[in-house]
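The block underneath contains the structure these notes are about, expressed in structure tokens.
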Amino acid sequence: MVTVALKRLPHGADLPLPAYETAGAAGLDLRAAIETPLTLGPGERVLVPTGLAMQLPEGFEGQVRPRSGLAVKHGVTVLNAPGTVDSDYRGEVKVPLINHGREPFPIRHGDRIAQLVIAPVTHAVLVETAALDETARGTGGFGSTGIAGGGGKP
Ligand SMILES: O=c1ccn([C@H]2C[C@H](O)[C@@H](COP(=O)(O)OP(=O)(O)OP(=O)(O)O)O2)c(=O)[nH]1
Ligand SMILES: [Mg+2]
């Protein structure tokens with residue numbers, strides 16, 4: 001459990017605070033804070049304001065993730081998923097949405113458009129070296145183990 005200070009901005013003052021919709025939900029649903037409804041046409045993208053600014057504790061990040069229902073039913077997802085909210089960011093949290101579907105997608109004030117997962121992050125200390133240790137995988141990647149069945153080269 002972690003405490004996050006949250007500020008509701010004037011254009012989102014009438015919206016409920018983000019909430020975990022069920023007891024075990026990982027994400028807090030984020031709502032659109034928009035003065036006028038908008039329509040996201042097929043292939044279009046838009047940066048949707050949430051009316052929220054926050055102060056994440058050091059050592060934590062906010063991950064802006066899509067809602068699967070919007071993706072499956074409408075083809076609408078977070079363009080940069082997972083979006084990253086830094087702990088030192090004090091601006092408004094916004095959600096870049098894209099419509100991959102075939103139909104226009106209406107967004108109204110208060111619609112739950114994405115979810116925010118608060119997660120711990122570690123800062124790495126980088127140590128440059130000329131040689132890395134050897135592993136069974138080595139430099140194989142990007143499908144080196146095959147797609148189906150027992151692996152091997154694609
Ligand atoms: O989905 C997102 C992603 C980012 N942000 C905000 C919070 C984050 O701390 C800041 C910067 O995000 P990021 O580092 O992903 O963007 P950048 O393109 O690297 O911008 P910057 O140069 O400001 O870091 O923008 C959002 O509100 N929503
Ligand atoms: Mg950045």
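Both ligands and their constituent atoms are indexed starting at 1 by order of listing.
Following chains of ILVMFWY side-chain contacts shorter than 4.5 Å, one cannot reach L38 starting from I98, and the two form parts of different hydrophobic clusters. Under the 4.5 Å side-chain heavy-atom criterion for ILVMFWY residues, a single connected hydrophobic cluster contains both L6 and Y89.
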Side chain to side chain donor-acceptor pair (under 3.5 Å) evaluation trace for E58 with H123: CA-CA 11 Å; E58 228 176 273; H123 269 196; over 6 Å; no

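Considering backbone and side-chain atoms together, Y89 places no N or O closer than 3.5 Å to any N or O of ligand 1.
No side-chain heavy atom of V95 sits under 4.5 Å from any side-chain heavy atom of L47. You'll find the side chain of R90 stays beyond 4.5 Å of the side chain of K7, heavy atoms only. Looking at heavy atoms from C-beta onward, I113 lies in side-chain contact with I107 at the 4.5 angstrom threshold. Residues L17 and R8 are in side-chain contact: their nearest non-hydrogen atoms beyond the backbone lie under 4.5 Å apart.
Looking only at heavy atoms of the protein, atom 28 (N) of ligand 1 is closest to K94 O, 2.7 Å. Annotation: atom 9 (O) of ligand 1 to nearest protein heavy atom, D86 OD2, 2.5 Å.
Atom 18 (O) of ligand 1 is never approached by the protein to below 4.0 angstrom, counting heavy atoms only. Closer than 4.0 Å to atom 5 (N) of ligand 1 lies at least one heavy atom of the protein. Distance check for atom 23 (O) of ligand 1: every protein heavy atom is found at 4.0 Å or beyond.
Atoms of ligand 1 found under 4.0 Å from any heavy atom of T84, numbered from 1 in the order shown, are 3 (C), 4 (C), 5 (N), 7 (C), 8 (C), 9 (O), 12 (O). Within ligand 1, the atoms closer than 4.0 Å to a non-hydrogen atom of V64 are 1 (O), numbered from 1 in the order shown. Near G83, meaning under 4.0 Å from any of its heavy atoms, are these atoms of ligand 1: 1 (O). Those atoms of ligand 1 that come under 4.0 Å of a heavy atom in V85, given as number and element, are 7 (C), 8 (C), 9 (O). Each of the following atoms of ligand 1 lies closer than 4.0 Å to a heavy atom of P96: 1 (O). For ligand 1, the atoms lying closer than 4.0 Å to a non-hydrogen atom of V93 are 27 (O).
Residue contacts with ligand 1 for N80 involve side-chain atoms from C-beta outward but no N, CA, C or O (heavy atoms, distance under 4.0 Å).
With respect to the salt-bridge test (charged N to carboxylate O, under 4.0 angstrom), the residues R67 and D29 qualify.
Every heavy atom of V95 sits 4.0 Å or more from the atoms of ligand 1.
Distance check: E61 CD to L56 CG gives 9.0 Å after rounding to the nearest 0.5 Å.
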